[in-house]
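Okay, so here's the structure we're looking at.
If you read the sequence from its start, that first residue is 1, and numbering goes on from there. Side-chain atoms are counted along with the backbone in the values below, which use heavy atoms only and exclude waters and symmetry mates.
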Amino acid sequence: MTIIGIGGCMALLLVGFGLNNSIYAITDNQYQKIHVYDMMVDFDEDEDDREDCMNEVLERSEITSGIKVRNTSMDIETDQGSKTAYVIVPEDREKINEYIKFQDRTSDAVYQLNDDGVIVTEKVASMLEIEPGDQIRLKEGDTKAVDVTVTAVTENYLQHFVFLSQDLYQELYGK
């Protein structure tokens, strides 16, 4: 009985260490290869002095660069269902590539954000059976729902994201 007990405990320890290594590998991929920024500062949308705060943060010697993005939560709707995702709208669609890498997990193809459609992350695309060229509906709270074309599906391991260019967002939502 002692040998079986010790063997069972050792098996549990090995499983625990294996899970620990697996989880760290996922976060390393997410935050060292895909999202390569060190910090995010959130401001309320109606905060009057957010421009001054942003400039103050960027003036610090520890900060080498920054980009303004709109980060909001929206529902993605398809015939297969609905999922909530963070919608990221960068002020500069070229500069966003310095902070977030848009690439295919298997082929390493690199994608660029453009005004033709949105880039969605791999997990939500899998769950809702979305492929490039498909139409999805984005709905933000009680605002109008808009249909957009998916131009690419990008590698991602944590959370669901949709990326739109600023021009496309303004065209769709008028703000």
Side-chain angles (χ1 to χ4, degrees), residues 2-44 50 53-54 56-78 80-114 117-132 134 136 138 140 150-165:
T2 303
I3 293 172
I4 292 171
I6 292 172
C9 289
M10 287 304 297
L12 286 175
L13 280 171
L14 290 174
V15 168
F17 285 124
L19 283 172
N20 186 34
N21 288 344
S22 297
I23 291 169
Y24 278 120
I26 289 171
T27 57
D28 285 348
N29 280 340
Q30 182 72 29
Y31 294 111
Q32 292 179 7
K33 295 180 182 174
I34 299 170
H35 289 195
V36 293
Y37 53 85
D38 292 325
M39 177 178 70
M40 181 186 298
V41 179
D42 290 330
F43 297 102
D44 289 334
R50 73 172 179 232
C53 290
M54 178 73 174
E56 187 176 322
V57 168
L58 290 174
E59 288 173 0
R60 297 184 59 99
S61 63
E62 300 90 357
I63 308 297
T64 57
S65 67
I67 184 173
K68 297 177 190 174
V69 299
R70 177 178 175 81
N71 183 3
T72 188
S73 178
M74 288 191 195
D75 291 327
I76 305 172
E77 298 174 350
T78 68
Q80 275 60 43
S82 174
K83 292 288 177 193
T84 302
Y86 291 106
V87 175
I88 307 293
V89 183
E91 183 179 63
D92 183 343
R93 72 174 180 216
E94 302 297 327
K95 193 173 182 183
I96 192 71
N97 294 324
E98 296 175 26
Y99 305 97
I100 299 173
K101 306 299 181 194
F102 302 117
Q103 63 190 22
D104 185 86
R105 181 177 47 84
T106 55
S107 69
D108 290 331
V110 176
Y111 306 120
Q112 297 295 322
L113 198 57
N114 59 45
V118 300
I119 297 176
V120 298
T121 52
E122 194 172 24
K123 182 67 174 184
V124 75
S126 171
M127 295 170 80
L128 296 176
E129 298 176 17
I130 300 169
E131 294 182 3
D134 289 351
I136 61 172
L138 294 178
E140 182 179 14
V150 174
T151 57
V153 175
T154 188
E155 179 180 17
N156 194 69
Y157 298 100
L158 302 172
Q159 301 178 326
H160 305 308
F161 292 97
V162 176
F163 301 94
L164 293 102
S165 70

Heavy-atom pair of closest approach, residues Asn71 and Ile88 = OD1-CD1, 3.5 Å
Step-by-step side chain to side chain contact (heavy atoms under 4.5 Å, CB included) determination, Ile119 to Val150 | CA-CA 6 Å; Ile119 297 176; Val150 174; over 6 Å; no
Atom CD of Glu56 with >12 non-hydrogen neighbours under 6.0 angstrom | no
Separation between CG of Leu14 and CE of Met10, rounded to the nearest 0.5 Å | 5.5 Å
Any ring pair (Phe, Tyr, Trp, His ring centres under 6.0 Å) involving residues 91-111? Give me the pairs, sequence neighbours left out, ordered by first then second residue.
-> Phe102-Phe163
Atom CG of Leu13 with >12 non-hydrogen neighbours under 6.0 angstrom = yes
When every non-hydrogen atom of Ile130 is compared with those of Val124, the smallest separation belongs to CD1-O, 4.3 Å
Val69 and Val89: CA distance, side-chain angles, deciding distance, side chain to side chain contact (heavy atoms under 4.5 Å, CB included) verdict | CA-CA 5 Å; Val69 299; Val89 183; over 6 Å; no
Here the gap from Ile34 atom CD1 to Phe161 atom CZ, rounded to the nearest 0.5 Å, amounts to 10.0 Å
Would you please name every residue forming a side-chain hydrogen bond (donor to acceptor under 3.5 Å, both in side chains) with Thr84, sequence neighbours left out?
-> Asp75
To the nearest 0.5 angstrom, please state how far the CD1 atom of Ile26 sits from the CG atom of Asn21.
-> 11.5 Å
Intermediate values then yes/no, salt bridge (charged side-chain N to carboxylate O under 4.0 Å, His left out), Arg70 and Glu140 = CA-CA 13 Å; Arg70 177 178 175 81; Glu140 182 179 14; 3.2 Å; yes
Would a 4.5 Å heavy-atom cut-off, applied to side chains only, mark Leu128 and Lys83 as touching?
-> yes
Minimum-distance pair of heavy atoms, taken over all atoms of Asn114 and Ser165 = O-OG, 3.5 Å
Sequence neighbours excluded, which residues qualify as side-chain hydrogen bond (donor to acceptor under 3.5 Å, both in side chains) partners of Lys101?
-> none
Not counting sequence neighbours, list each pair that qualifies as a side chain to side chain donor-acceptor pair (under 3.5 Å) and has a residue in residues 150-164.
-> Gln30-Asn156, Gln103-Glu155, Glu155-Tyr157
From CA spacing to verdict: side chain to side chain contact (heavy atoms under 4.5 Å, CB included), Tyr37, Ile67 | CA-CA 10 Å; Tyr37 53 85; Ile67 184 173; over 6 Å; no
Over all atoms of both residues, closest heavy-atom pair of Ile76 and Ala85 = CD1-CB, 3.6 Å
For Ala152 and Pro132, the nearest pair of non-hydrogen atoms, with its separation, is CA-CG, 4.2 Å
Say you draw a straight line from CG of Leu158 to NE2 of His35; how long is it, rounded to the nearest 0.5 Å?
-> 8.5 Å
Mind checking salt bridge (charged side-chain N to carboxylate O under 4.0 Å, His left out) for Glu62 and listing every partner two or more places apart, or none if nothing turns up?
-> Arg60
If you take all heavy atoms of Gln112 and Val110, which pair is closest and at what distance?
-> NE2-CG1, 4.0 Å
Would you say the side-chain atoms of Thr78 pair up with the backbone N or O of Gln80, donor to acceptor, closer than 3.5 Å?
-> yes
Is the count of non-hydrogen atoms from other residues, nucleotides or ligands lying under 6.0 Å from Leu19 atom CG greater than 12?
-> yes
Taken to the nearest 0.5 Å, the spacing of Met127 CE from Glu122 CD works out to 13.0 Å
How about Lys68 and Asp92: do any of their side-chain heavy atoms sit closer than 4.5 Å?
-> no
Is there a donor-acceptor contact under 3.5 Å from the side chain of Thr27 to the main chain of Tyr24?
-> yes
Identify, with sequence neighbours excluded, every residue that meets salt bridge (charged side-chain N to carboxylate O under 4.0 Å, His left out) alongside Lys33.
-> none
Audit row: Val162, Leu164, side chain to side chain contact (heavy atoms under 4.5 Å, CB included) steps and yes/no = CA-CA 7 Å; Val162 176; Leu164 293 102; 4.2 Å; yes
